[in-house]
There are 2 protein chains.
Amino acid sequence: MSQMSPKRADGSASDLGTGTASEFGGSGLALFLSTFVNRIDRKGRISVPAQFRTVLGAQSFPGVIVFPSFVAPAIEASGIDHIERLSAGIDQFDPFSDEHDAFAISILADSHQLSFDSEGRIVLPDVLREHAGMSDRAAFVGRGATFQIWEPEAFRTCQEEARKRARDSRISLRFRDSAGER
Amino acid sequence: MSQMSPKRADGSASDLGTGTASEFGGSGLALFLSTFVNRIDRKGRISVPAQFRTVLGAQSFPGVIVFPSFVAPAIEASGIDHIERLSAGIDQFDPFSDEHDAFAISILADSHQLSFDSEGRIVLPDVLREHAGMSDRAAFVGRGATFQIWEPEAFRTCQEEARKRARDSRISLRFRDSAGER
DNA sequence: TGGGGAATTATGGGTGTCAATGGGAAATTA
DNA sequence: TAATTTCCCATTGACACCCATAATTCCCCA
């Protein structure tokens, strides 16, 4: 996977024309797609992929919200807008319900707001770097409305296992089905 | 076959008037049809067939979404709209469900947004070029709501085998039928 | 019906711009 | 003062944009 290559995440930075990306939100929906691997410098700074930045920069807080994944050695990340939507959804529950509690405790309490420096970089809190076991590179993995940040090798492994599991599953079928192939 | 000729995909462009493609049906539905073979220049650029471009250019992101095919040495491609529909469908699942995970990992993470340059060309990431074993030409193969990108010879081979299978099964069916009738 | 000629597409190449990255100085905090 | 964060500048390598040229196709008109 040159995608995981050290040198450059991949052509990714260029995959999306700069100008194009910004107007992408015109339709309202902007997705985080693809995987980018960037370096962590000795000050702990990481460039957020330009493509992701254009999505994040347009939101009410121009930065990233991050919190540890419950199930994997990875960091969940999204724009503030997504968290607000989640929160609004949860608020429909009784404020003292288990759902409300679980959400507040497991997401809100552990999440951090990270803003960009003038070059579009962020610094991950140590807790999170450790949770994901990252040393000197970080993989930004698009998941649609959100993305994750992984130690690149760990993600590789996880991805292979997922493929193994899903090889002949319905995922691929679904793509074809809706493709209106027949 | 003439369809696979190097020079020009074939007269296919004329099968369907250029303007016709985009407004196809007026119902909003536009299909990717036919096969076109174009060159890959030394910078890795490939012209997307004009006919496909008119469909893609009308979508919320004017470019192509590509990701490796699970089952073939080919690249799956579509417009952003198709991915958004898929994603929206998946979002109905619990964000931490296996379904969601498998989709995100196997499609979203491996996909790339490619925008057109001013001449309507794209540059495929190395990972994908390698996955499809492409060197200096690319075959764009219409599949309705989506299309695929192949190394032309590989597609030829695959196509012939498919035909052979189809013919064999038909023959065997006919044999069965007539055998039964007799 | 059969030319031209205009328009569109495919393709090649040069170059300015931007993303990613690294390092240092100023500002802030302990 | 030492340590950390913030801001600014420099470098490099891709790539986005520009222009030029073929190769077709489309369209109009004789």
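Not measured: the values here are computed from a predicted model. As a basis for the values below, the full set of heavy atoms in this structure was taken, side chains included, without hydrogen atoms, waters or symmetry mates. The sequence lines fix the lettering, A, B, ..., with proteins before strands; numbering per chain opens at 1.
Nucleotide C/dG14 holds its P atom 11 Å from the CZ atom of B/R45, rounded to whole Å. The distance between atom CD1 of B/I40 and atom C1' of C/dT11, rounded to the nearest whole Å, is 13 Å. In this structure, CG of A/L114 is placed 11 Å from P of D/dT6, rounded to the nearest angstrom. Between the P atom of D/dA23 and the CZ atom of B/R39 lies a distance of 12 Å, rounded to the nearest Å. Atom-to-atom, CG of B/D41 to P of C/dG13 comes out at 8 Å; the value is rounded to the nearest Å. Between the P atom of D/dA16 and the CD1 atom of B/I46 lies a distance of 14 Å, rounded to the nearest Å. The separation between B/F116 atom CZ and C/dA10 atom C1' is 14 Å, rounded to whole Å. B/I122 has its CD1 atom 14 Å from the C1' atom of D/dC15, to the nearest Å.
If you check every strand for non-hydrogen atoms under 4.0 Å, B/R42 touches sugar and phosphate atoms only. If you check every strand for non-hydrogen atoms under 4.0 Å, A/D117 touches nothing.
In this structure, A/D101 has no side-chain hydrogen bond (donor to acceptor under 3.5 Å, both in side chains) partners at least two apart in sequence or on a different chain. Qualifying side-chain hydrogen bond (donor to acceptor under 3.5 Å, both in side chains) partners for A/S60, counting only residues two or more places apart in sequence or in other chains: A/D81. Every residue was checked against the side-chain hydrogen bond (donor to acceptor under 3.5 Å, both in side chains) condition with B/R129, not counting sequence neighbours, and none meets it.
Proximity note for B/A50 (side chain, C-beta onward) versus C/dT21, C/dA19, C/dA10: the nearest is C/dA10. Set against C/dG24, C/dG22, C/dG12, the side chain of A/K43 has C/dG24 as its closest nucleotide. Distances were taken from every side-chain heavy atom of B/S47 (C-beta onward) to each of D/dC8, C/dT21, C/dA10; the shortest belongs to C/dA10. For B/E119, the side-chain atoms get nearest to D/dC19 when compared with the rest of C/dG22, D/dC19, C/dA10. Closest to the side chain of B/S118, out of C/dA10, D/dC18, C/dG14, is D/dC18. Ranking C/dT21, C/dA10, C/dA20 by closeness to the A/P49 side chain, first place goes to C/dA20. Of all nucleotides listed (C/dA20, D/dC17, C/dT11), C/dA20 comes nearest to the side chain of A/N38.
Contact check on B/R156 versus B/E160 returns a salt bridge, with a Lys/Arg side-chain nitrogen under 4.0 Å from an Asp/Glu carboxylate oxygen. The residues B/K43 and B/D117 are annotated as not salt-bridged, no charged nitrogen and carboxylate oxygen being separated by less than 4.0 angstrom.
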Collect all protein-nucleotide pairs involving nucleotides 27-30 of chain C in which both atoms are nitrogen or oxygen and the distance is under 3.5 Å.
none

Identify all side-chain donor-acceptor contacts of residues 85-93 of chain A below 3.5 Å with residues at least two apart in sequence or on another chain.
from, atom 1, to, atom 2, distance (Å)
A/D91, OD1, A/H100, NE2, 3.2

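Each end of the helix from C/dT1-D/dA30 to C/dA30-D/dT1 gets its own axis, taken as the rotation carrying the C1' atoms of four end pairs onto the next four within a five-pair window, and the two axes meet at 40° to the nearest 10 degrees.
Rounding to the nearest 0.5 Å places CD1 of A/I65 at 13.0 Å from OG1 of A/T146. A/I107 CD1 to A/I83 CD1: the interatomic distance, rounded to the nearest 0.5 Å, is 6.5 Å. Here the CZ atom belonging to A/F32 is positioned 6.5 Å from the CZ atom belonging to A/F52, to the nearest 0.5 angstrom.
In terms of position along DNA chain C, the nucleotide closest to B/V48 lies nearer the 5' end than the nucleotide closest to the other residue of the pair B/V48 and A/R121.
Between B/R137 and C/dA10 there is no side-chain polar atom (N or O) within less than 4.0 angstrom of OP1 or OP2.
Not one N or O on the side chain of B/Q59 forms a donor-acceptor pair closer than 3.5 Å with the backbone of B/F61.
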